[in-house]
Amino acid sequence: MLKRDFLKNSLLTVVGALVSPAVLAAAHEEKLLREARATPMADGPFTLPDLPYAFNALEPHIDARTMEIHHDAHHKGYVSKLNAAVMGTPAEKMSLAQLLASMNKQPEAIRNNAGGHWNHSFFWQIMAPKGGGQPTGNLATAITKDFGSFDKFSEEFTKAASGRFGSGWAWLIVDKKSGKLMVTSTPNQDNPLMDLPGMQRGIPVLGLDVWEHAYYLKHQNKRPDYIKEFWSVVNWSEANSRYDEARKG
Ligand code: MN
């Protein structure tokens, strides 16, 4: 190696070590947020729901900056791209529920963005300030019945969330046929309401976003730390209502 190249390579190594992946990721997320703020939502039938609490309401478990970027950049992006994908097509007249239930007939852009919109709208609801603790109501009884205990359930859910390779979601669902609770996971923005081949279908009661954008700013690549924090913000009262609704329908 020429001395000049050696010096250049050494310098790059030093700079690379100084600018950590976490710093680069933070800069990337900040840029996403600036761009999202500067870009108007594409016209169409779908709108971005407000967060049901302040960005900092889930602190110290989920940090305000992550919530802000997650909602205002990522979720907004899914809604905007979904609008762009349905406009001028028959899907323009369909509800989000109808789109999910006919996903095997929809193009990739609708699959990713309808999923992204539904999943995030659900995710904001299923967390709450002063959440966590133990489940309540009929859901508590059913968890004990179908998993043996709350601890066994949380262990299985944690395993599904940490074991999902790459980006995706972990779910607690009500199986439509048996009425039983089940733990499952999906890749990307798929969810158990979609009629896709191989999908473990059911009605979501709890869901956890395990995309890196959901935890990287605070936890870097340590997904298990984020999953642990999730248990402190679960909105069990909302999950219980969803369970009751699922059993009725
Ligand atoms: Mn997300």
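In listed order, ligands and their atoms are each counted from 1. In what follows, residues are counted from 1 in the order of the sequence shown.
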- Message: Tell me whether the rings of Trp211 and Tyr78 are parallel (<30°), tilted (30 to 60°) or perpendicular (>60°).
- Response: perpendicular

- Using salt bridge (charged side-chain N to carboxylate O under 4.0 Å, His left out) as the criterion, list what pairs up with Lys222, not counting sequence neighbours. none

- Counting no waters, what protein N/O/S atoms lie under 2.8 Å from the Mn ion (ligand 1)? His70 NE2, His120 NE2, Asp209 OD2, His213 NE2

- Does the separation of the ring centres of Trp169 and Phe122 fall below 6.0 angstrom? no

- Message: If we check side chain to side chain contact (heavy atoms under 4.5 Å, CB included) with Gln106, which of these qualifies: Leu99, Asn112, Leu100?
- Response: Leu99

- Message: Below 30° counts as parallel, above 60° as perpendicular, anything between as tilted: where do the rings of Trp236 and Phe150 land?
- Response: perpendicular

- Task: Decide salt bridge (Lys or Arg N to Asp or Glu O under 4.0 Å) for Glu29 and Arg65; before the verdict, give the C-alpha distance in whole Å, the side-chain angles of both, and the deciding distance to 0.1 Å.
- Result: CA-CA 10 Å; Glu29 294 293 308; Arg65 201 59 174 157; over 6 Å; no

